[in-house]
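What follows is a short report on a single structure.
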Amino acid sequence: MADAVHLGSGKVRELYALDDERLLLVASDRISTFDVVLPTEIPDKGRVLTGLAAFWFARTRAITANHLLAVRADGRSTECRRLEMLPIECVVRGYLSGSGWKDYARTGEVCGHRLPAGLRESDRLPEPIFTPATKATSGHDENITGAQAAALVGAERFAEAERLSIALYRFAAAYALERGIIIADTKFEFGADRAGRLVLGDEALTPDSSRFWPADEYAPGGPQPSYDKQYVRDYCEKIGWGKTYPGPELPPDVVAGTRRRYVEAFERLTGLRFDDYLANPSVVLAG
Ligand code: PZK
């Protein structure tokens, strides 16, 4: 870390340059809800997300190359290959939720995909759809059509990003469903390496980059409880917070319940004990 150069901050992550070819991604224990970072941290949240992303990177190598080089001993930092990131978010939706549901309810379409009539909020889609978005530097990402995305990255790049995103989602959603977790939708970020090959970057298939729902509580026709953040959201509703900065401090029982849900998601999906990850983060890379 001594000579790592800070490049930027996300809401809950920090990005450093290690040298011309390598970056360090550090996941903090900060949590955001309703787009506001709360003043209370969830212990080990950053380690859970780092471990899960590394687990998925290791298990999806046959689908796509990715930027992961190493997980550091702290369990929250990953060294990765520096890429030329595409200026689009590669979102895949298997269920109708969030902005996808809003757009469908208004127009019957999501990002140019015409969907069957009569779908309800949180319904499973007949097939997963690729719904790219622009990367907003401030405010919210905006859904765009495939044609708009192709104009931004080139038709060939677009087609490959779409194919890889759908394949990654299909693999992970089927795997997670067997372990009691619905991955309703997810966001990938791709970049190009020096040879111009497309490489999966960022964090992938974590609860911060996806909607995780508990499968045993799935009830389409309305919004679904979040696997990881539901205690936080329920508490925020209960106290009548206006969902604008600053957010409320979380009480110890909400922190403990939320930490337990993150750890539970990690253990269900990886089949590993979280304590074993803390002792040696490389365990997520084996097999
Ligand atoms: C890259 N971000 C998002 C912003 C964060 C993360 N492999 C890569 N090569 C080049 N750039 C990036 C990556 C990755 N991943 C990722 N911005 C650039 C971001 C702020 C903090 F932790």
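Ligands are counted one by one from 1 in listed order, and the atoms in each one are counted from 1 as well.
- Residues that satisfy the ring pair (Phe, Tyr, Trp, His ring centres under 6.0 Å) test with Tyr231, not counting sequence neighbours, are absent from this structure.
- Of the polar atoms of Arg81, at least one N or O is found under 3.5 Å from an N or O of ligand 1, judged by distance alone.
- Taking the six-membered ring for Trp and thresholds of 30 and 60 degrees, Phe266 and Tyr277 have ring planes inclined between 30 and 60 degrees apart.
- Heavy-atom neighbours of Glu142 CD from other residues, nucleotides or ligands within 6.0 Å: at or below the threshold of 12.
- Arg211 and Ser122 share no side-chain donor-acceptor pair at under 3.5 Å.
- Neither the backbone nor the side chain of Glu84 comes within contact range of ligand 1; no heavy atom lies under 4.0 Å.
- The residue Leu7 has no part lying near ligand 1, judged by heavy-atom distances below 4.0 Å.
- The option from Arg22, Lys135, Met85 that lies nearest to atom 12 (C) of ligand 1, judged by heavy atoms, is Met85.
- Neither the backbone nor the side chain of Glu189 has any atom closer than 4.0 Å to an atom of ligand 1 (non-hydrogen atoms only).
- For the residues Leu83, Leu69, Asn66, the heavy atom positioned nearest atom 10 (C) of ligand 1 is part of Leu83.
- Gly191 does not count as a contact of ligand 1, since none of its heavy atoms falls under 4.0 Å from the ligand.
- Side-chain contact between Arg22 and Tyr16 is absent, with no heavy atoms from C-beta onward closer than 4.5 Å.
- Using a 4.5 Å cut-off on side-chain heavy atoms (C-beta onward), Pro246 and Val36 make no contact.
- In summary, the atoms of ligand 1 found under 4.0 Å from a heavy atom of Leu25, numbered by their order in the structure, are 5 (C), 6 (C), 15 (N), 22 (F).
- Among protein heavy atoms, atom 16 (C) of ligand 1 sits closest to Leu15 CD2, 4.0 Å.
- Those atoms of ligand 1 that come under 4.0 Å of a heavy atom in Arg82, given as number and element, are 9 (N).
- Given atom 21 (C) of ligand 1, the protein heavy atom at minimum distance is Gly10 N, 3.3 Å.
- At a 3.5 angstrom cut-off on N or O pairs, Asp202 counts as close to ligand 1.
- Every atom of ligand 1 with a heavy atom of Leu23 under 4.0 Å away is listed here by number and element: 8 (C), 9 (N), 10 (C), 11 (N), 12 (C), 13 (C).
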- Item | side-chain contact (heavy atoms from CB on, under 4.5 Å) evaluation trace for Asp44 with Phe274 | CA-CA 10 Å; Asp44 291 326; Phe274 185 60; 3.8 Å; yes
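- For atom 6 (C) of ligand 1, the closest non-hydrogen atom of the protein is Arg13 NH2, 3.6 Å.
- By the 4.5 Å heavy-atom criterion applied to side chains, Pro223 and Glu121 are counted as neighbours.
- Taking the side chain as every heavy atom from C-beta outward, His67 and Thr78 never approach each other to under 4.5 Å.
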